[in-house]
Amino acid sequence: VQLQASGGGLVQPGGSLRLSCAASGSIFRVNTMGWYRQAPGKQRELVAGITSGGGTNYADSVKGRFTISRDNAKKTVYLQMNSLKPEDTAVYYCNADEIWTTWGARIMESWGKGTLVTVSS
């Protein structure tokens, strides 16, 4: 079971990016998924989370600019980032708080490898 994130890159201020994170392996169900970020010299922080039922929460700093969504059939979570600012520059990590496998194992706190987002002119 692993999480694979993609979609990072370099974008100018005011631009947009869409991150994707797919869970792969013998997965029966993925509960809450989320995106975290870590800027140089700072602690990792929650950006947005989404439950299996579609409930969402956002960090105050991204409300109104970022949208998290998921496709349960594809076991994929997305982060649409609009109106990007230089302070959004960070490595973005996807997370699944609980994954149930097809053989009944429960895997807690899975993390994908980060994807770098750089907002700069």
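Remember, predicted model here, so these are calculated numbers, not experimental data. Heavy-atom basis, side chains included; hydrogens, waters and symmetry copies ignored.
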Side chains of [X] and [Y]: closer than 4.5 Å at any heavy-atom pair?
X: Asn57; Y: Leu46; value: yes
X: Asp88; Y: Met81; value: no
X: Ser6; Y: Thr115; value: no
X: Gln80; Y: Ser16; value: yes

Same cluster (ILVMFWY, side-chain, under 4.5 Å), [X] and [Y]:
X: Leu19; Y: Ile50; result: yes
X: Phe66; Y: Val11; result: yes
X: Ile27; Y: Tyr78; result: no
X: Leu84; Y: Val91; result: no
X: Trp35; Y: Val62; result: yes

Query raised in the report: In terms of heavy-atom contacts, does CD of Gln4 have more than 12 from other residues, nucleotides or ligands at under 6.0 Å?
Result: no
Requested in this report: For atom CD of Gln43, decide whether the heavy atoms of other residues, nucleotides or ligands shown that lie under 6.0 angstrom number more than 12.
Outcome: no
**Report entry** Residue pairs involving residues 85-121 (criterion disulfide bond (SG atoms under 2.5 Å apart); sequence neighbours excluded)
**Finding:** Cys21-Cys94
Query - Summary of disulfide bond (SG atoms under 2.5 Å apart) pairs that have at least one residue in residues 26-91, sequence neighbours excluded - result: none
Report summary line: NZ of Lys75 to CG of Leu3, rounded to nearest 0.5 Å, is 12.5 Å
Report summary line: When rounded to the nearest 0.5 Å, the distance separating OG1 of Thr76 from CE of Met33 is 7.0 Å
Report task. Please name all residues satisfying side chain to side chain contact (heavy atoms under 4.5 Å, CB included) with Ile107, sequence neighbours left out, ordered by chain then number. Result -> Val1, Ile99, Thr101, Ser110
Donor-acceptor check, side chain of [X] to backbone of [Y], threshold 3.5 angstrom: yes or no?
X: Thr118; Y: Thr89; answer: no
X: Asp97; Y: Asn31; answer: no
X: Tyr92; Y: Ala5; answer: no

Atom of [X], atom of [Y] and distance for their closest heavy-atom approach:
X: Tyr58; Y: Ala48; result: CD2-CB, 3.6 Å
X: Arg70; Y: Val30; result: NH2-O, 2.9 Å
X: Ser121; Y: Pro13; result: N-CD, 3.7 Å

Report task. Just jot down the salt bridge (Lys or Arg N to Asp or Glu O under 4.0 Å) partners of Arg44, sequence neighbours excluded, or say none. Result -> none
Query raised in the report: Taking only residues two or more places apart in sequence, or in another chain, which ones meet Lys42 in a salt bridge (Lys or Arg N to Asp or Glu O under 4.0 Å)?
Result: none
Requested in this report: Verify side chain to side chain contact (heavy atoms under 4.5 Å, CB included) between Arg37 and Ser61, making sure each step is shown before the conclusion.
Outcome: CA-CA 12 Å; Arg37 67 186 180 187; Ser61 59; 3.4 Å; yes
Query raised in the report: For Arg106, what residues pass the side-chain hydrogen bond (donor to acceptor under 3.5 Å, both in side chains) criterion, not counting sequence neighbours?
Result: Glu98
